> 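One structure is given below, represented as C-alpha cells, and several questions about it will come after.
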Amino acid sequence: MIGIFDSGTGGLTIARALADHLPGYDIVYFGDTARTPYGNRSPEAVIRYTLRNIHFLLDKGAKIIVMACNTASSFADEHITKRFDIPIFEVITPAVALSLNVSKTFRIGVIGTRATVNSGIYEKKIREINPDAKIYSAACPLLVPLVEECWTDKPETRMIVKKYLYPLKVRQIDTLILGCTHYPILKKIIQRKIGKRVNLIDSSLAVSETVKDFLEKHPEVDNSLGKEGKAEFFVSDVTEHLENTARIIFKRNIALRLIRI
Ligand code: DGL
C-alpha cells in the first residue's frame, strides 16, 4: 500500500497523480477533514496531527507514505520522519528541485497557506541549492476554502487570485511554485493571472515522479507494495458536499469512509 495523507481533500491531487504515474498500485488515503485547514494552525498542532496520520496509515498497511500536504511537510522534517522505518516523502523538495530546473532567471514565486509561507521552508530549501535565487512568497489563505467550495471558475475566485498574485507578478518571477496541494485545481486561473510565460510548478507531478524514481531504484520496497489496484479513502469527517469535492478533485467517483481518530 502507498499511504497518502492531507489535512483534507487537496492531497487528492497527489493521489490522482500517483494513481496515474503508478497505475495498479494499492493506495490508502487519509484526509483529516475534521481538523482542516492545517494552514492556520500552530506548528505543534500540525506535527501532532502528522504523527497521528502516519500511525493510522501504518496500521492500514502502508509501506511508504506521502505527506500530500505542504503544511505538514513544512513542519514534519527529517527528525520526525526518520522515527519511522519506512520511506516517508514530503512535497516540498521535489517542487524545489523542479523549480530550479526550469527557472532561467531564478526569480521564483511561492504561494501557499499562511503556515507554509511563515515557515520559510521554500526559501530555505531553494537557497540551499542556489543561494543567489530571489524568492518571493505570498500566503493565499482564501484559496483552500474556495477549492473546497468548488468555486474553481467564479469571477470572485479570479479576482482573489489576481489580488494574491499581483505582488509576485510585479517582481517579474519566471517560475511559480504552487505550494499547497489544493492549488493545482486552480491552475488555469493562476496561469492566466500570473501570465503565460511563468512556469507553474505543480507538486503533484513532481512528487509522483520522485516516488516512481525511488521505487525503480529500490525494488525491495517496490516488491512490498500491493498492486491489485485497490484504493481506499478515509476521512475524519464527512458530508455530502465533501464527497462531491473529493470526486471533482480525484476526477473519479470515490467512497469516503469515516474514521474517528
Ligand atoms: N493541502 C494543504 C497544503 O498543502 C492545505 C490545506 C490546509 O490548510 O489544511 O498545505
Side-chain angles (χ1 to χ4, degrees), residues 1-7 10-31 50 53-54 57-58 62-103 108 110-113 116 119 121-130 133 135 175-185 187 199-227 231 249-251:
M1 280 281 192
I2 301 178
I4 306 158
F5 78 84
D6 178 36
S7 59
L12 288 168
T13 57
I14 305 254
R16 177 74 265 146
L18 280 166
D20 290 343
H21 275 73
L22 296 164
Y25 281 66
D26 298 344
I27 60 172
V28 54
Y29 182 90
F30 175 65
T50 298
N53 300 345
I54 293 173
L57 292 172
L58 288 175
K63 299 288 183 236
I64 67 170
I65 289 178
V66 179
M67 299 195 283
C69 176
N70 284 263
T71 311
S73 300
S74 302
F75 299 118
D77 59 12
E78 284 174 7
H79 298 294
I80 289 178
T81 54
K82 287 259 162 67
R83 293 189 206 171
F84 299 90
D85 58 2
I86 62 161
I88 300 185
F89 296 87
E90 41 81 17
V91 288
I92 293 164
T93 310
V96 164
L98 187 59
S99 70
L100 289 170
N101 262 344
V102 301
S103 178
I108 299 174
V110 180
I111 52 174
T113 64
T116 299
S119 76
I121 187 82
Y122 276 99
E123 284 87 341
K124 180 173 168 274
K125 284 193 183 267
I126 292 172
R127 292 234 166 81
E128 273 167 14
I129 302 174
N130 183 339
I135 305 136
T175 301
L176 176 64
I177 298 177
L178 307 182
C180 172
T181 53
H182 282 73
Y183 298 173
I185 303 297
K187 218 168 172 178
N199 306 298
L200 291 193
I201 305 298
D202 174 346
S203 58
S204 66
L205 303 177
V207 173
S208 46
E209 284 292 344
T210 302
V211 173
K212 193 174 177 194
D213 261 24
F214 175 87
L215 293 176
E216 279 166 9
K217 290 187 186 118
H218 295 86
E220 71 292 356
V221 181
D222 188 53
N223 291 337
S224 73
L225 299 175
K227 299 181 185 79
I249 299 181
F250 193 64
K251 300 181 184 152

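Side chains included, hydrogens not; waters and symmetry mates left out as well; all remaining heavy atoms used. Note that the coordinates shown come from a computational prediction; the quantities given were computed from them, not determined experimentally.
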> Any chance you could measure Leu57, atom CG, to Phe84, atom CZ, to the nearest 0.5 Å?
10.5 Å
> If you round to the nearest 0.5 Å, how far is CD1 of Ile126 from OG1 of Thr175?
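Nearest 0.5 Å value for the OG1-CD1 distance: 9.5 Å.
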> Step by step, would you call Leu58 with Ile65 a side chain to side chain contact (heavy atoms under 4.5 Å, CB included)?
CA-CA 8 Å; Leu58 288 175; Ile65 289 178; 4.2 Å; yes
> To the nearest 0.5 Å, what is the distance between OG1 (Thr116) and CD1 (Ile92)?
6.0 Å
> Could you work out, with side chain to side chain contact (heavy atoms under 4.5 Å, CB included) as the rule, every residue matching Lys187, not counting sequence neighbours?
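Counting only residues at least two positions away or on another chain, Lys187 forms a side chain to side chain contact (heavy atoms under 4.5 Å, CB included) with Leu178, Leu200, Asp202, Leu205.
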> Using a 6.0 Å cut-off, check whether atom NZ of Lys227 has over 12 heavy atoms from anything other than its own residue.
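For Lys227, atom NZ is crowded (more than 12 foreign heavy atoms under 6.0 Å).
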> Quick check for you: to the nearest 0.5 Å, what is the distance between Asp77 atom CG and Ile121 atom CD1?
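The distance works out to 7.5 Å.
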> Return the CD1 to OG distance between Ile108 and Ser99, rounded to the nearest 0.5 Å.
4.0 Å
> For side chain to side chain contact (heavy atoms under 4.5 Å, CB included), just list the numbers for Phe5 and Met67, CA-CA rounded to whole Å, side-chain angles, deciding distance to a tenth of an Å, and then say yes or no.
CA-CA 5 Å; Phe5 78 84; Met67 299 195 283; 3.5 Å; yes
> Go through it in stages, so that I can follow the logic: the residues are Val110 and Glu123, the test is side chain to side chain contact (heavy atoms under 4.5 Å, CB included), and I'd like the CA-CA distance, side-chain angles, deciding distance and then a yes or no.
CA-CA 9 Å; Val110 180; Glu123 284 87 341; 5.8 Å; no
> Check side chain to side chain contact (heavy atoms under 4.5 Å, CB included) between Asp26 and all other residues, then give those that pass, not counting sequence neighbours.
Met1, Glu228, Lys230
> Are the side chain of Ser224 and the backbone of Val221 linked by a donor-acceptor contact shorter than 3.5 Å?
yes
> What heavy-atom pair brings Ala95 and Ser203 nearest, and what distance separates the two atoms?
CB-CB, 4.1 Å
> Taking C-beta and beyond as the side chain, do Val66 and Val211 meet within less than 4.5 Å on heavy atoms?
yes
> Where is the tightest heavy-atom contact between Ser74 and Ser119, given as atom of each residue plus distance?
CB-OG, 3.6 Å
> By side chain to side chain donor-acceptor pair (under 3.5 Å), which residues pair with Tyr122, not counting sequence neighbours?
Asn70
> Can you name the closest pair of heavy atoms from Cys69 and Asp6 and give their distance?
CB-OD1, 3.1 Å
> Please report the closest heavy-atom contact between Ile4 and Gly11, naming both atoms and the distance.
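It is CG2-O, 4.3 Å.
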> Can you name the residues that form a salt bridge (Lys or Arg N to Asp or Glu O under 4.0 Å) with Lys212, not counting sequence neighbours?
none
> Quick test of your reading: applying side chain to side chain donor-acceptor pair (under 3.5 Å), list the pairs with at least one residue in residues 10-23, sequence neighbours left out, ordered by first then second residue.
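Only Arg16-Asp20, His21-Ser208, His21-Glu209 qualify under side chain to side chain donor-acceptor pair (under 3.5 Å).
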> Quick check for you: to the nearest 0.5 Å, what is the distance between Ser204 atom OG and Ile249 atom CD1?
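Reported value, rounded in 0.5 Å steps: 11.5 Å.
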> For Gly179 and Tyr183, which heavy atoms make the closest approach, and how far apart are they?
N-CD1, 4.3 Å
> Where is the tightest heavy-atom contact between Ile86 and Lys63, given as atom of each residue plus distance?
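That closest heavy-atom pairing would be CB-O, 3.4 Å.
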> State, with a plain yes or no, whether a side-chain heavy atom of Thr50 is found less than 4.5 Å away from one of Phe75.
no
> Are the side chain of Thr181 and the backbone of Ala68 linked by a donor-acceptor contact shorter than 3.5 Å?
yes
> When you measure from the side chain of Tyr29 to the backbone N and O of Leu12, does any donor-acceptor pair fall under 3.5 Å?
yes
> In residues 213-220, what donor-acceptor pairs under 3.5 Å come from side-chain atoms, sequence neighbours left out?
unit_1: His218; atom_1: ND1; unit_2: Phe214; atom_2: O; d: 3.0

> Should we say atom NZ of Lys125 is surrounded by more than 12 heavy atoms from elsewhere, each under 6.0 Å from it?
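Yes - once you tally the heavy atoms of other residues, nucleotides and ligands closer than 6.0 Å, there are more than 12.
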